[in-house]
Number of protein chains: 2
Amino acid sequence: MYTRALNEWKEFVRIPSVSSGSAHRSHLFDCADWLVKHLQKMGMQRVVQLTTGVAPPVVYAEELIDTAKPTLLIYGHYDVQPPDPLNEWETPPFAPTVRGDYLYGRGVSDDKGQLFLHLKAVESLMAEHRLPINIKCLFEGEEEIGSQHLSNVLGTHQALFKADCAVVSDMRMLDLHQPALTYGLRGNIHAELLVTRHGTDLHSGVYGGIASNPIHGLAHIIAKLHTSKGQIALPSFYDDVFKISAAERTYMRKNGPSNAQLRQEIQMADGIGEECYTAYERLTIRPSLTVTGISGGYEGEGSKGVIPRQARAKLNFRLVPHQDSNQVAQSLSRYVAQQCPSGLRVEVSVTAQSNAYQVNPDERVFQAASSACQSVFGRKPVLLRSGGSIPIVSTLAGQLRLPVVMMGFASPFDNLHAPNERFYIPNFFRGVETSKQFIRNLEFMHHAYH
Amino acid sequence: MYTRALNEWKEFVRIPSVSSGSAHRSHLFDCADWLVKHLQKMGMQRVVQLTTGVAPPVVYAEELIDTAKPTLLIYGHYDVQPPDPLNEWETPPFAPTVRGDYLYGRGVSDDKGQLFLHLKAVESLMAEHRLPINIKCLFEGEEEIGSQHLSNVLGTHQALFKADCAVVSDMRMLDLHQPALTYGLRGNIHAELLVTRHGTDLHSGVYGGIASNPIHGLAHIIAKLHTSKGQIALPSFYDDVFKISAAERTYMRKNGPSNAQLRQEIQMADGIGEECYTAYERLTIRPSLTVTGISGGYEGEGSKGVIPRQARAKLNFRLVPHQDSNQVAQSLSRYVAQQCPSGLRVEVSVTAQSNAYQVNPDERVFQAASSACQSVFGRKPVLLRSGGSIPIVSTLAGQLRLPVVMMGFASPFDNLHAPNERFYIPNFFRGVETSKQFIRNLEFMHHAYH
């Protein structure tokens with residue numbers, strides 16, 4: 001099974017299903033088709049693409065063995081982040097390559113590999129005629145751009161997605177050999193700032209010294225987004241931030257990634273951020289604001305003597321429990337308008353948003369996952385908060401009212417969203433085993449959910 | 001002659017001889033070839049491309065009628081600025097188009113049109129067998145990127161360029177009907193800032209809040225380049241700035257463009273800049289600093305959750321008399337290093353530089369130009385300082401020890417360096433006539449220069 005699974009996994013990764021931008025639109029559809037074929041080949045009873053118009057299709061599959069048994073919904077996403085900067089990849093992002101114990105390629109970890117290991121678990125149980133519960137699969141192609149259409153699909157097909165619990169594998173372990181279950185995610189706002197000056201581009205010699213410059217204005221606004229103490233400068237921004245308990249902070253300090261590990265992950269001797277918080281806390285129970293892209297004026301080779309007409313930046317907030325993404329977005333618009341130098345205009349557009357989410361680790365399904373991890377890895381999983389955002393988790397929990405297990409198999413050094421994304425191949429197969437064991441454990445969880 | 005000249009001018013503009021970047025490299029050579037053919041067709045005695053290796057060739061031509069007569073060196077450049085942003089052109093930049101009294105296209109004014117009108121003047125005098133002086137032409141293809149190789153060419157061929165005076169037409173009139181002679185230019189530094197973080201791109205969810213962000217660092221540095229009063233914040237930056245006389249300031253206020261006109265040119269109700277100076281003064285006797293381009297992180301459609309590894313900006317200083325471009329470049333490097341947030345590194349590279357330049361309007365060749373303008377336009381030309389930089393002018397004056405007449409025929413609303421660059425066609429032909437009259441006037445200037 002090892003070689004075949006590895007080859008299939010590579011096939012899956014080879015499809016450049018980048019969801020951001022429109023260049024790879026058709027590849028998203030190709031990727032959905034590939035998944036459908038694969039699910040059919042596995043012999044699943046029902047495999048469909050749920051129509052969502054121009055959006056990449058939601059792929060649904062089910063294997064129902066007994067309506068009296070529990071049902072697990074497996075969620076994953078087949079879209080991936082843009083691979084740029086391309087020149088920093090050692091091997092091309094969509095030519096998956098094994099080097100040492102790792103498979104390299106865009107999406108090998110996030111989330112094609114982690115989605116695929118569940119399929120290999122289900123396939124294996126089906127082949128052994130030992131699938132003990134009902135399985136439903138929900139695979140989408142818009143996770144990296146905010147899952148805009150998924151909520152509608154869930155609403156339309158509510159009966160289809162009826163289940164007892166869900167599992168999402170789109171996160172990391174603590175290290176290569178220490179399994180982890182994630183119980184908290186940050187929320188998310190992706191927004192764009194556009195600063196403009198009335199009129200056209202101007203000659204920087206002829207008009208340099210009198211004409212307002214949108215790049216200067218944008219830089220000024222960005223410089224004002226944080227205080228000198230590293231806090232986000234929006235008024236009242238921290239008012240709703242949830243204060244976690246001393247007990248949880250103690251657990252986090254003892255079991256979570258250390259400052260040293262996180263500094264190693266970011267390859268920096270000193271990090272930035274708020275005083276009085278560990279690096280792990282800054283990443284999980286404290287919000288952040290990152291400018292993820294900036295552009296304006298002449299960006300080509302050489303120079304051009306120009307005062308440009310506009311400049312733009314992309315912002316990404318990460319929010320924590322009790323912060324409301326709508327309120328933050330409104331506050332951002334007001335604040336940047338106040339900071340915008342005279343003679344210039346700033347517009348804010350929000351392209352995606354979600355609130356933070358946390359689950360209760362006392363749920364029985366969580367125990368089933370924990371026990372599965374322990375039996376495969378030989379170690380009890382640590383409970384982790386994640387700095388990332390997975391809007392689908394709150395959607396599944398909120399809209400379908402499912403307890404969601406977040407069980408990740410990526411490692412902290414897998415370069416998620418960065419060049420040379422990779423996955424530790426032994427953990428792919430331990431992931432398959434853990435998924436199988438989790439499914440087995442769920443058979444006896446039945447009464448908890450009916 | 002009108003129709004033929006217009007068609008030839010269009011042909012010249014149609015060649016996309018953009019010197020910045022490498023995409024149009026071969027078009028620069030095409031354009032030099034076109035010029036050579038044109039000069040040969042005019043019947044000039046000697047037309048050569050002076051070899052400069054990979055650099056766009058310097059085109060030289062001469063028509064020597066009598067070594068006892070004065071010699072005029074006509075300078076122009078056949079390279080043009082990049083045409084982007086392309087989508088803002090009403091007609092394509094390299095498909096020259098007449099609309100109303102204007103010809104539109106990249107380079108119609110800067111500097112193909114203004115170069116070409118001198119050729120039409122020389123051609124006309126030659127056809128009439130009335131060329132009264134010797135003519136030499138010096139046309140280069142690197143003006144828009146700092147004329148890096150020209151100084152070497154002038155050094156190697158010093159005898160070839162021996163002349164009594166030079167004329168440069170790469171500037172503007174005061175308005176469509178008010179001729180002008182330019183006697184002052186600002187200097188220039190084009191530099192690039194590169195801010196980097198050690199390591200690779202990072203996930204903005206997983207690491208947002210602890211990893212330094214080069215875009216934030218770059219924005220911080222840019223925000224610190226100016227004081228809150230609109231002055232350039234580099235230490236000692238204004239120490240060497242030349243104080244012009246009260247008499248000149250009075251002349252400038254009376255004869256130069258008004259605040260109202262300059263505001264109209266930049267399409268802004270309020271400009272920016274230093275208090276206590278008129279807009280015209282801010283543009284000419286005061287230095288400026290413009291960020292002409294910025295880029296970093298994800299700049300494509302949609303969003304990407306990334307903390308990028310690097311960000312860069314292009315800067316353009318304009319310097320005034322007595323400021324030394326080397327000193328300013330060094331001061332910039334020190335200053336941005338001090339402003340760079342910890343965890344990040346900033347590098348400065350200077351891509352072009354020149355000092356400011358001013359000529360003495362009492363030179364007799366200036367009087368010849370003034371009188372030519374007056375006879376064609378019916379008005380005495382105003383004397384203008386320009387905010388732009390033409391490094392060649394100081395090179396000609398310094399290296400060849402020539403008095404340089406800067407006689408411009410573009411208008412303030414011709415969108416130089418911007419989309420929809422244009423030239424008022426009647427002034428092209430008035431320019432031809434002015435050039436002819438200037439050449440005639442020079443016959444009697446002889447004794448002043450021998």
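Below, read A as the first sequence line, B as the second, and so on, with proteins coming before strands; counting in each chain starts at 1.
Within the 4.5 angstrom heavy-atom criterion, atoms from both the backbone and the side chain of A:Ser303 approach chain B. With a 4.5 Å cut-off on non-hydrogen atoms, B:Arg197 touches chain A through its side chain but not through its backbone. Neither the backbone nor the side chain of A:Arg263 comes within contact range of chain B; no heavy atom of the residue lies under 4.5 Å from a heavy atom of that chain. Interface residue A:Asn415: only side-chain heavy atoms are found under 4.5 Å from chain B. Residue contact with chain B, scored on non-hydrogen atoms closer than 4.5 Å, involves the side chain of A:Arg172 exclusively. Interface remark: A:Lys304 contributes backbone and side-chain atoms alike to the contact with chain B (heavy atom separation under 4.5 Å). In this structure, the portions of A:Asp84 lying under 4.5 Å from any heavy atom of chain B include both its backbone and its side chain. Neither the backbone nor the side chain of A:Ser389 comes within less than 4.5 Å of any heavy atom in chain B. Residue B:Leu225: no heavy atom, backbone or side chain, is found under 4.5 Å from chain A. With a 4.5 Å cut-off on non-hydrogen atoms, A:Glu299 touches chain B through its backbone and its side chain both. In this structure, chain B has no heavy atom under 4.5 Å from any part of A:Ala311. Looking at B:Ser386, neither its backbone nor its side chain comes within 4.5 Å of chain A, counting heavy atoms on both sides. Residue A:Ile232 does not touch chain B at all, counting heavy-atom pairs closer than 4.5 Å. The contact between A:His190 and chain B is made entirely by side chain atoms (from C-beta outward), counting heavy-atom distances below 4.5 Å.
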* Residues A:Ile210, B:Ile266; criterion side chain to side chain contact (heavy atoms under 4.5 Å, CB included); working and verdict -> CA-CA 8 Å; A:Ile210 65 167; B:Ile266 63 172; 4.0 Å; yes
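Chain A forms the most heavy-atom pairs under 4.5 Å with one residue out of B:Leu315, B:Asn316, B:Val291, and that residue is B:Val291. Chain B forms the most heavy-atom pairs under 4.5 Å with one residue out of A:Gly205, A:Gly388, A:Pro412, and that residue is A:Gly205. Considering only heavy-atom pairs separated by less than 4.5 Å from chain A, the leading option among B:His220, B:Arg282, B:Met268 is B:Met268. Of the listed residues (A:Arg186, A:Glu192, A:Glu144, A:His216), the greatest number of heavy-atom pairs within a distance under 4.5 Å of chain B belongs to A:His216. Among the candidates B:Ser342, B:Pro419, B:Gly209, B:Gly230, the residue making the largest number of heavy-atom pairs closer than 4.5 Å to chain A is B:Gly209. Taking B:Asn213, B:Leu283, B:Ile145, B:Ile222 one by one and counting their heavy-atom pairs under 4.5 Å with chain A, the maximum is reached by B:Leu283. Among A:Gly297, A:Gly305, A:Ala418, A:Pro287, the residue with the largest count of heavy-atom pairs under 4.5 Å with chain B is A:Gly305. Contact count against chain A (heavy-atom pairs under 4.5 Å) is highest for B:Ser295 among B:Ala23, B:Gly343, B:Ser295. In terms of heavy-atom pairs under 4.5 angstrom with chain A, the leader among B:His226, B:Glu265, B:Lys224, B:Glu274 is B:Glu265. Each of A:Pro341, A:Gly300, A:Ala219 has some count of heavy-atom pairs under 4.5 Å with chain B, and the biggest count is that of A:Ala219. Per-residue counts of heavy-atom pairs under 4.5 Å with chain B were compared for A:Ser212, A:Ala279, A:Gly199; the largest is that of A:Ser212. Here A:Ala223 is the residue among A:Gly273, A:Ala223, A:Ala313 with the most heavy-atom pairs under 4.5 Å with chain B.
Here the closest heavy-atom approach between residue B:Ala211 and residue A:Ile272 is recorded as O-CD1, 3.4 Å. Heavy atoms only, all atoms of each residue included: A:Ile215 and B:Thr292 are closest at CD1-C, 3.9 Å. The two atoms that bring B:Tyr298 and A:Pro82 nearest to each other are CE1-CG, 3.8 Å, heavy atoms only. Of all non-hydrogen atoms in B:Ser204 and A:Arg318, the two that sit nearest each other are OG-NH2, 3.2 Å. Residue B:Thr290 comes nearest to A:Gly208 through the heavy atom pair OG1-CA, 4.0 Å, listed as atom of the first residue, atom of the second, then distance.
If you take CG on A:Asp201 and CG on B:Asn420, they are separated by 10.5 Å, rounding to the nearest 0.5 Å. Rounding to the nearest 0.5 Å places NE2 of A:His417 at 11.5 Å from OH of B:Tyr207. Once rounded to the nearest 0.5 Å, the distance linking OG1 of A:Thr200 with CH2 of B:Trp89 reads 9.5 Å.
No more than 12 heavy atoms of other residues, nucleotides or ligands sit less than 6.0 Å from atom CZ of B:Arg345.
Remark: the backbone N or O of B:Leu416 is not paired with any side-chain donor or acceptor of A:His203 at under 3.5 angstrom.
A donor atom on one side chain and an acceptor atom on the other are found under 3.5 Å apart for B:Ser22 and A:Glu301.
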